[in-house]
Amino acid sequence: MTVSGKPLAILGGTPAFAQPLHVGRPNIGAEVRFRQRMDGILTRRWLTNDGPLVQEFEHRVAERIGVRHCVATCNGTLGLQLLARALGLRGEVIVPAFTFIATASALSWEGLRPVFCDIDADTHCIDPQAAGALLSPDTAAIIGVHLWGRICDTTALEAIARQRGIPLLIDAAHAFGSSAGGRMAGSFGNAEILSFHGTKIINAFEGGAVVTNDDGLASEIRALRNFGFIRSDITSGFGINAKMSEASAAMGLTSLESLDDFIAWNRVNFEAYRQGLADLPGVRFMSHNEADRTWNHHYVVAEIDASEAGLSRDMLLCALHAEGVLARRYFYPGCHRAPALPTASSPLVDLSVTDRVAREVLQFPTGTAVGEAEIARIAEIVRTALSMAPRIAEAVATNRYTPYDPRWMASHPAGGHQR
Ligand code: T4K
């Protein structure tokens with residue numbers, strides 16, 4: 001079996017993509033608008049420290065979400081740290097085991113102990129029932145994550161937090177532009193954090209924010225972000241430098257202006273993948289297109305059931321990487337298996353859904369750097385690989401290929417795929 005008349009790269013053919021396709025290739029937006037904003041920064045000579053573009057960005061983000069406050073930060077991780085600190089949290093925080101490591105490590109940096117909780121098998125978001133079972137006298141807060149841009153079960157989580165009298169924090173790093181029940185990501189719980197990292201649906205190169213309707217919390221975080229200063233020479237607390245720069249805000253504003261275009265582009269890509277990979281045994285596509293939800297389609301996520309597909313997720317990744325399709329296995333192996341992370345989790349807590357999902361899940365390249373023609377080719381690669389699963393499995397075993405194998409990565413020049 002061949003792809004467009006050529007053998008698969010993992011079996012000795014040439015890669016389908018000489019320039020690799022990435023998960024997380026930045027969306028850029030209107031470059032001319034960005035350059036105008038950069039010119040303005042240079043003319044004003046106001047580069048950082050709560051400059052006019054940061055203030056405008058905060059205003060636009062809050063407006064889009066429908067919350068009273070947005071405090072922009074230099075990244076989402078520090079946003080979460082500031083939030084935990086401003087709330088004065090001490091003790092344990094219940095955290096989904098299946099999330100990017102920063103959700104948990106930000107809390108650990110604040111001296112908190114993450115207690116890892118299992119996820120729902122269908123949504124990959126924290127399982128509220130499992131979270132409720134982990135409450136202890138030391139529980140200071142619960143954090144939900146809108147994983148893959150799907151709003152987590154905030155109704156159930158808010159009820160648990162309210163009953164316990166503890167805050168509910170949300171990590172909305174993936175979810176800008178998504179909504180549930182008419183409420184935008186960013187408007188749930190006591191406060192949510194956002195990420196505007198280069199790989200996110202809208203980006204500020206690096207950037208983040210805390211969004212909330214709590215006036216006191218917002219002003220506390222605003223001070224903590226700037227070394228604790230509330231006025232010149234006067235500090236209110238023990239702050240840090242977590243400010244967003246004007247250059248980041250210039251990118252954030254430019255990116256935000258194109259958000260609806262990015263979502264529309266992602267949606268077309270998602271449909272192309274769904275159609276291209278329809279009816280493949282062992283390939284389950286995650287879709288969050290439900291009546292009361294909107295979804296930013298930031299990630300295209302599939303689960304590979306090795307017993308049905310004939311190939312494991314990791315073997316399929318090897319075949320894709322050989323072709324220059326740099327699909328990912330976010331968030332393998334799960335935070336609970338990250339060696340250096342201090343945790344208060346008991347080894348007896350059941351994290352079996354996290355373990356299964358971490359073993360089976362993969363993300364395909366999407367965003368504005370990828371289009372339907374590339375996706376048709378990727379689908380053909382996946383179909384071909386699965387149709388000759390025993391030969392792929394043998395090639396992986398014989399050559400000891402691993403996902404992200406340096407032998408493939410070295411053959412993909414830096415700089416990525418251009419459209
Ligand atoms: N909570 C959640 C749930 C998160 O997912 C994240 C971040 C956070 C909190 C923390 O927010 P921040 O503090 O980051 O604001 C990336 C990002 O660095 C990270 O922001 C993101 N989540 C995570 C899911 O992905 P890596 O280590 O996978 O990135 P890297 O360098 O492998 O890049 C991804 C792909 O994108 C590569 O194939 C290369 C490509 N790329 C990347 C960049 C930065 C480009 O083509 N151009 C670029 O400029 O973590």
Side-chain angles (χ1 to χ4, degrees), residues 17 19-28 61 71-84 93 95-109 114 119 124-126 143-152 169-176 178 185-186 192-211 225 242 244-245 248 251-252 255 296 298-301 317 320-321 324-332 334-335 338 341 358 361-370 403-404 408-409 412-419:
F17 298 97
Q19 299 286 326
L21 300 174
H22 296 267
V23 176
R25 196 95 180 121
N27 298 322
I28 302 295
V61 168
V71 184
T73 52
C74 54
N75 58 50
T77 306
L78 267 162
L80 181 52
Q81 288 183 232
L82 296 185
L83 174 59
V93 179
V95 183
F98 193 65
T99 177
F100 189 54
I101 192 80
T103 315
S105 58
L107 299 169
S108 298
W109 271 81
I119 53 166
H124 296 183
C125 292
I126 189 168
I143 180 158
V145 180
H146 299 321
L147 208 77
W148 316 136
R150 185 201 164 87
I151 307 295
C152 62
L169 323 183
I170 305 277
D171 177 341
H174 297 179
F176 198 86
S178 296
E192 301 205 31
I193 66 108
L194 306 169
S195 169
F196 302 115
H197 180 258
T199 54
K200 296 297 185 290
I201 187 148
I202 65 165
N203 84 85
F205 298 122
E206 289 273 2
V210 183
V211 281
R225 171 185 79 166
M244 176 180 273
S245 75
S248 280
M251 189 57 170
S255 199
N296 64 11
H298 179 48
Y299 288 99
V300 173
V301 182
L317 276 182
L320 288 166
H321 290 174
V325 180
L326 304 187
R328 298 294 296 247
R329 54 177 182 180
Y330 288 131
F331 292 103
Y332 179 82
C335 294
L341 205 61
V361 79
L362 69 78
Q363 298 75 34
F364 287 104
T366 188
T368 53
V370 181
Y404 318 112
W408 302 126
M409 295 308 174
H412 301 315
H417 178 75
Q418 306 293 329
R419 283 182 67 78

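Remember, it's 1-based here, ligands and their atoms both numbered in the order they're listed. What's counted below: heavy atoms across the whole structure, side chains too, no hydrogens, waters or symmetry copies.
- Checked against salt bridge (charged side-chain N to carboxylate O under 4.0 Å, His left out), Arg328 has no partners two or more places apart in sequence or in another chain.
- Aromatic ring centres of His298 and Tyr330: separated by at least 6.0 Å.
- Qualifying side chain to side chain donor-acceptor pair (under 3.5 Å) partners for Thr77, counting only residues two or more places apart in sequence or in other chains: none.
- The aromatic rings of Phe331 and Phe98 stand perpendicular to each other, their planes meeting at an angle above 60°, with 30° marking the opposite boundary.
- The minimum heavy-atom distance linking His146 with Ala172 is given by the pair CD2-CB, 3.6 Å.
- The side chain to side chain donor-acceptor pair (under 3.5 Å) pairs that include a residue from residues 198-207 are His197-Thr199, where partners are two or more places apart or lie in different chains.
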Any protein N/O atoms within less than 3.5 Å of an N/O atom in ligand 1? List the atom names and distances, or say none.
{"unit_1": "ligand 1", "atom_1": "1 (N)", "unit_2": "Asp171", "atom_2": "OD1", "d": "3.3"}
{"unit_1": "ligand 1", "atom_1": "1 (N)", "unit_2": "Asp171", "atom_2": "OD2", "d": "2.6"}
{"unit_1": "ligand 1", "atom_1": "5 (O)", "unit_2": "His174", "atom_2": "NE2", "d": "2.8"}
{"unit_1": "ligand 1", "atom_1": "11 (O)", "unit_2": "Ser195", "atom_2": "OG", "d": "3.4"}
{"unit_1": "ligand 1", "atom_1": "13 (O)", "unit_2": "Gly76", "atom_2": "N", "d": "3.3"}
{"unit_1": "ligand 1", "atom_1": "13 (O)", "unit_2": "Thr77", "atom_2": "N", "d": "3.0"}
{"unit_1": "ligand 1", "atom_1": "13 (O)", "unit_2": "Thr77", "atom_2": "OG1", "d": "2.5"}
{"unit_1": "ligand 1", "atom_1": "15 (O)", "unit_2": "Gly76", "atom_2": "N", "d": "2.9"}
{"unit_1": "ligand 1", "atom_1": "15 (O)", "unit_2": "Ser195", "atom_2": "OG", "d": "2.7"}
{"unit_1": "ligand 1", "atom_1": "18 (O)", "unit_2": "His197", "atom_2": "NE2", "d": "3.3"}
{"unit_1": "ligand 1", "atom_1": "20 (O)", "unit_2": "His197", "atom_2": "ND1", "d": "3.4"}
{"unit_1": "ligand 1", "atom_1": "20 (O)", "unit_2": "Lys200", "atom_2": "NZ", "d": "3.3"}
{"unit_1": "ligand 1", "atom_1": "22 (N)", "unit_2": "Lys200", "atom_2": "NZ", "d": "2.8"}
{"unit_1": "ligand 1", "atom_1": "25 (O)", "unit_2": "Tyr330", "atom_2": "OH", "d": "3.3"}
{"unit_1": "ligand 1", "atom_1": "28 (O)", "unit_2": "Arg328", "atom_2": "NH2", "d": "3.1"}
{"unit_1": "ligand 1", "atom_1": "28 (O)", "unit_2": "Tyr330", "atom_2": "OH", "d": "2.5"}
{"unit_1": "ligand 1", "atom_1": "32 (O)", "unit_2": "Arg328", "atom_2": "NH1", "d": "2.8"}
{"unit_1": "ligand 1", "atom_1": "36 (O)", "unit_2": "Val23", "atom_2": "O", "d": "3.3"}
{"unit_1": "ligand 1", "atom_1": "36 (O)", "unit_2": "Gly24", "atom_2": "O", "d": "3.3"}
{"unit_1": "ligand 1", "atom_1": "38 (O)", "unit_2": "His22", "atom_2": "ND1", "d": "2.6"}
{"unit_1": "ligand 1", "atom_1": "46 (O)", "unit_2": "Arg25", "atom_2": "NH1", "d": "2.5"}

